[in-house]
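This report concerns only the one structure given below.
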Amino acid sequence: MKIAPSILSADFANLQKEVELVEKGGADYIHVDVMDGQFVPNITFGPNIVQALRPITKLPLDVHLMIVDPEKYIPAFAKAGADILTVHVETTPHIHRALQMIKGLGVKVGVVINPGTPVSMIKHVLPMTDQVLVMTVNPGFGGQNFIEEMVEKMAELTELRTKNNWHYLIEVDGGIVPETAKICQKAGADIFVAGSFIYDSKNPVEQIEKLKEALN
Ligand code: DX5
Ligand code: ZN
């Protein structure tokens with residue numbers, strides 16, 4: 001079980017402090033939400049922020065690309081120090097090529113599906129995938145409610161993984177709090193992204209502990 005705080009809900013004026021706090025508090029990844037104002041109705045970070053974060057933490061940088069034309073920017077994010085690059089299947093007609101590109105750059109390969117997208121859309125790229133992200137909200141903003149219907153997708157991915165002896169980890173993102181994390185874990189999820197639950201609190205470390213407790 002891994003906890004990935006999303007810095008989308010962190011204090012951007014104090015990013016270093018916010019990252020160091022969760023690293024000391026037991027986080028496993030730092031989740032970086034890249035939004036372009038086109039694929040999703042919000043704008044956040046570019047490769048320069050990933051580059052700035054790289055030297056300040058030992059944790060893997062889990063970079064969630066919510067951008068059109070991902071192939072255009074994958075090399076820049078790899079160069080900036082992303083450890084995992086996750087691409088939305090909805091953003092490219094050539095998902096296999098995009099994932100091959102990530103692999104070729106020596107970065108862990110992630111693929112992600114929106115709430116409206118079925119698992120069958122990514123079935124044929126699953127063997128080359130290190131991490132599959134199931135969105136449990138519509139991407140774009142923190143603080144939204146968990147969509148329970150998505151749990152079925154985690155169970156489907158777990159079954160496919162066992163049946164085919166594939167190796168990917170299953171990540172969930174959106175509306176994750178102790179209760180929803182537990183539901184996802186039962187369906188086979190391994191990595192839990194949490195933004196507002198961790199950073200909207202006065203004590204983010206305590207929030208990480210609450211998530212870990214629920215998942216034990
Ligand atoms: C949403 C992002 C999430 C976001 C989750 O588009 O992908 O990573 O930070 O925020 P919470 O945990 O508040 O739902
Ligand atoms: Zn995300």
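The shown structure was predicted, so the numbers you read here are calculated from the model rather than taken from an experiment. Counting starts at 1 for both ligands and their atoms, in listed order. For reference, positions follow the sequence shown, starting with 1.
- When side chains are defined from C-beta on, I191 counts as touching Y29, because their heavy atoms get closer than 4.5 Å.
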Which pairs of N or O atoms, one from ligand 1 and one from the protein, are separated by less than 3.5 Å, and what is the distance for each pair?
residue	atom	partner	partner atom	Å
ligand 1	6 (O)	G140	N	2.7
ligand 1	7 (O)	D33	OD1	3.0
ligand 1	7 (O)	H64	ND1	3.3
ligand 1	7 (O)	D173	OD2	2.8
ligand 1	8 (O)	H31	NE2	3.4
ligand 1	8 (O)	D33	OD1	3.1
ligand 1	8 (O)	D33	OD2	2.7
ligand 1	8 (O)	D173	OD1	2.7
ligand 1	8 (O)	D173	OD2	3.0
ligand 1	9 (O)	S6	OG	2.8
ligand 1	9 (O)	D33	OD2	3.2
ligand 1	12 (O)	G195	N	2.8
ligand 1	13 (O)	G143	N	2.7
ligand 1	13 (O)	S196	N	3.0
ligand 1	13 (O)	S196	OG	2.5
ligand 1	14 (O)	G175	N	2.8

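- T117 and E90 are linked by a side-chain donor-acceptor pair at a separation below 3.5 angstrom, with hydrogens and angles left out of the test.
- Note on residues 177-201: pairs passing salt bridge (Lys or Arg N to Asp or Glu O under 4.0 Å), not counting sequence neighbours, are R161-D190.
- Between the Zn ion (ligand 2) and the N, O or S atoms of D33, the shortest distance is to OD1.
- In plain terms, the two heavy atoms of T158 and G188 that are nearest each other are OG1-CA, 3.4 Å.
- Under the 4.5 Å side-chain heavy-atom criterion for grouping Ile, Leu, Val, Met, Phe, Trp and Tyr, V172 is connected to V87 within one hydrophobic cluster.
- No side-chain donor from either of H64 and D62 sits under 3.5 Å from a side-chain acceptor of the other.
- The atom name of the N/O/S atom in D173 closest to the Zn ion (ligand 2) is OD2.
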* Using the side chain to side chain donor-acceptor pair (under 3.5 Å) rule, take S6 and D33 through it: C-alpha gap first, then chi angles, then the decisive distance, then the call. => CA-CA 7 Å; S6 164; D33 287 305; 2.7 Å; yes
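- In H64, the N, O or S atom that comes nearest to the Zn ion (ligand 2) is ND1.
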